[in-house]
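Structure record follows, encoded as structure tokens.
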Amino acid sequence: MEHWWKEAVVYQIYTKSYYDTNGDGIGDLRGIIQKLDYINSLGASVIWLNPIYKSPDVDNGYDIADYQSIDERYGTLEDFKELLTQVHQRGMRLIMDMVLNHTSDEHRWFQESRSSKDNPYRDYYIWRPGKDGKEPNNWGNYFYEGRGSAWEYDEHTGEYYLHNYSRKMPDLNWDNADLRDAMCRMMRWWLDLGVDGFRMDAINRLVKPKGLPDSPNPLTPPVGIYGYVVDRTMCANRPGIHELLHELNEKVFSRYDIMVVGETGNVDAAIAIDYVKEEREEIDMVFHFEIAKNPVLVDAVKFKEVQRRWYHVVEQHGWITQYLSNHDTPRQVSRFGDDQKYRYESATMLATLMHTHPGTVYIYQGEEIGMTNVEFPSIEYYNEKYTVGKYYTMVESGRSPEEALASLRMMSRDNDRTPMQWNSGENGGFTTGSPWMHVNPNYVSINVAEEECAEKSVLRYYRKLTAMRRQYPIMVYGSYRQIMEEDPELIVYVREYQGDRWLIVCNFYDGIRELSGIVKAYPEMEKRELILCNYLSMENEQEIRPYEARIYCLRDRKI
């Protein structure tokens, strides 16, 4: 079945780091308004905003203090309404990040909840008495990877509250009917304003295991020096989650023409189908972590194996996402390509992979100009809680500061949160003030202004791909079949749709390969027409160069 969100190219904006218009060093909504023509020229059809709600900013806005208020650092509700209007005037849509697993401890609900055991809001959160003089169970919170419990003692009422993340982010109790109704009203409020959907944070973790038992997982031993078990499976995909999402669909999602994408850790393709299969009426698609956040995925064979498994979701009337970087990952050109000698080639090759694989495409800000990871000199430069927590855990366990930082540098989320690089001026043109986070020093050579006029332009290549996606439905709805599945360097696959057939060839490495090997594996490509190549010239078609990407149209299809 066709849907606009299947055809979408989504541009993700981390507002805090996008463009600052008032000189306070923090990106804002008016900055996004000023850059809408740039986003439109990129070919994006949907904008996804990371959280912009009122927040104490313990976790970069994912700790929400008021779901129906814009944080003053980003602007006002009137600014947001103007942004929404101007997005729609350009024929684009806008979706918001929605955090349903937890709130800030500064949220009015939690302030009421902790005030007394008989307060009407008490059961909006998960409270338990201690057990044997300790916490209710052995869970560790995710923020510090074993440095602390997932439970925080509250002296006023003499009980503990659950926080799978920071102690400043208490988990909500979705067993409470009043809480569910309040959340549904809140989401409908945003949709009635004209918002076009949601990216649902940690959506498969809303339902907790009955009885909140200790983690029995022998594969997740106590981490760090405090002995709490950081078991990310305990609150993932629990019985009742599908019934809850179906209820949200019935009461909210199905009443609007929107897209809903869920962030789902601890999910593979076999689990995902139950979330996204159309007849189940839950959500439209999920983000999985088997590629972008997989620290051990290092070769083309593994990449192809993951893509094959996820295509089965499409074959079963579900839908999938294609992304290689977002606010929680390293920069894709640094992680999967070569961000030095072959930065242009590998950035455009990876873009080709994402735009020509089945699924909705997501572009993270800066990806379209080939922004890279940053090498900060010390932990003091880092802001992201997981990186800082892991660093101190490693140092406490005996690793040297230099060794600990080096081991974390590649995968740190701060790589993607450095400010957008607009030009070669001070702070990359992001702000006239002091930026909230240090700008990557390579902004002098890697920036939008440079990409607009460069001969080898990642930006212009992205524009070609998004234009092709609008022009050729085969890129969205075509079937998918891999060729040379076990080849360790080449990623080769066929897309077919309504009589058209394309062959895509991507060199995942910096070596040179012969085209003859592909012709031997797939003789049908003898009659071919080159549609797009990420190299500026085709000196020798028989050689596939480092990080080269080609899209061929195959003629004389045999029925």
Side-chain angles (χ1 to χ4, degrees), residues 1-15 29 32 36 39-40 42-53 61-62 64 67-68 70 77 80-101 180 183-204 206 244-264 272 275-278 280-288 313 318-323 326-328 359-365 466 469 476:
M1 184 181 298
E2 295 185 359
H3 292 286
W4 64 262
W5 39 262
K6 290 184 178 180
E7 302 169 10
V9 173
V10 183
Y11 187 71
Q12 181 189 354
I13 294 180
Y14 198 74
T15 304
L29 294 177
I32 298 173
L36 283 179
I39 298 167
N40 196 28
L42 177 61
S45 55
V46 176
I47 293 173
W48 154 26
L49 297 184
N50 284 99
I52 55 173
Y53 316 96
Y62 283 88
I64 298 173
Y67 283 99
Q68 292 174 233
I70 302 296
L77 185 59
F80 177 80
K81 290 177 180 179
E82 181 181 345
L83 170 62
L84 194 60
T85 296
Q86 294 211 28
V87 166
H88 290 161
Q89 286 176 348
R90 288 168 172 80
M92 298 187 289
R93 292 178 167 92
L94 184 146
I95 67 173
M96 299 184 73
D97 226 311
M98 182 54 63
V99 186
L100 302 183
N101 180 73
R180 294 199 302 273
M183 284 299 200
C184 289
R185 288 194 301 272
M186 177 271 295
M187 287 189 284
R188 287 195 296 266
W189 183 82
W190 282 110
L191 295 170
D192 289 340
L193 279 181
V195 169
D196 300 292
F198 300 114
R199 178 266 190 188
M200 313 293 280
D201 186 67
I203 194 63
N204 62 326
L206 302 187
L244 174 58
L245 291 180
H246 182 76
E247 178 183 340
L248 295 182
N249 185 290
E250 183 179 41
K251 293 181 177 179
V252 183
F253 309 150
S254 64
R255 301 184 182 187
Y256 304 84
D257 181 21
I258 63 172
M259 67 177 286
V260 181
V261 54
E263 181 202 31
T264 52
Y275 288 96
V276 302
K277 200 170 187 178
E278 288 193 12
R280 293 182 65 90
E281 299 179 331
E282 296 184 25
I283 59 178
D284 299 318
M285 64 193 98
V286 301
F287 289 120
H288 67 84
V313 173
W319 197 243
I320 59 177
T321 58
Q322 291 293 342
Y323 78 105
N326 63 25
H327 65 291
D328 281 338
T360 297
V361 178
Y362 290 77
I363 300 171
Y364 180 72
Q365 64 181 52
T466 58
R469 189 173 172 86
V476 180

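Note that the coordinates shown come from a computational prediction; the quantities given were computed from them, not determined experimentally. Note that the numbering runs from 1 along the sequence shown for the chain. Side-chain atoms are counted along with the backbone in the values below, which use heavy atoms only and exclude waters and symmetry mates.
- For Asp284 (side chain) and Val260 (main-chain N/O), a donor-acceptor pair under 3.5 Å exists by modelled atom type.
- Under a 3.5 Å cut-off, the side chain of Trp190 and the backbone N or O of Tyr67 do form a donor-acceptor pair.
- For the pair Arg280 and Leu245, the minimum side-chain heavy-atom distance is 4.5 Å or more.
- With hydrogens and angles disregarded, no donor-acceptor distance shorter than 3.5 Å links the side chain of Thr264 to the backbone of His288.
- A donor-acceptor pair shorter than 3.5 Å can be found between the side chains of Tyr256 and Asp192.
- Here the side chain of Thr466 pairs a donor or acceptor atom with the backbone of Leu42 at under 3.5 angstrom.
- Counted by atom type alone, Tyr62 and Asn50 present one or more donor-acceptor pairs between their side chains at under 3.5 Å.
- Trp4 and Asp257 are linked by a side-chain donor-acceptor pair at a separation below 3.5 angstrom, with hydrogens and angles left out of the test.
- Between Phe287 and Tyr362, the ring planes lie perpendicular to each other; the angle is over 60°, past the 30° to 60° tilted range.
- Salt bridge Glu247/Lys251: present, at least one basic N to carboxylate O contact under 4.0 Å.
- A donor-acceptor pair under 3.5 Å is absent between the side-chain atoms of Asp196 and the main chain of Ile95, judged by distance alone.
- Side chain to side chain, Trp319 and Thr360 meet the donor-acceptor criterion of an N or O pair below 3.5 Å.
- In this structure a side-chain-to-backbone donor-acceptor pair under 3.5 Å is present from Glu263 to Ala202.
- Side-chain atoms of Tyr53 come within 3.5 Å of backbone atoms of Asp97 as a donor-acceptor pair (strictly under, hydrogens ignored).
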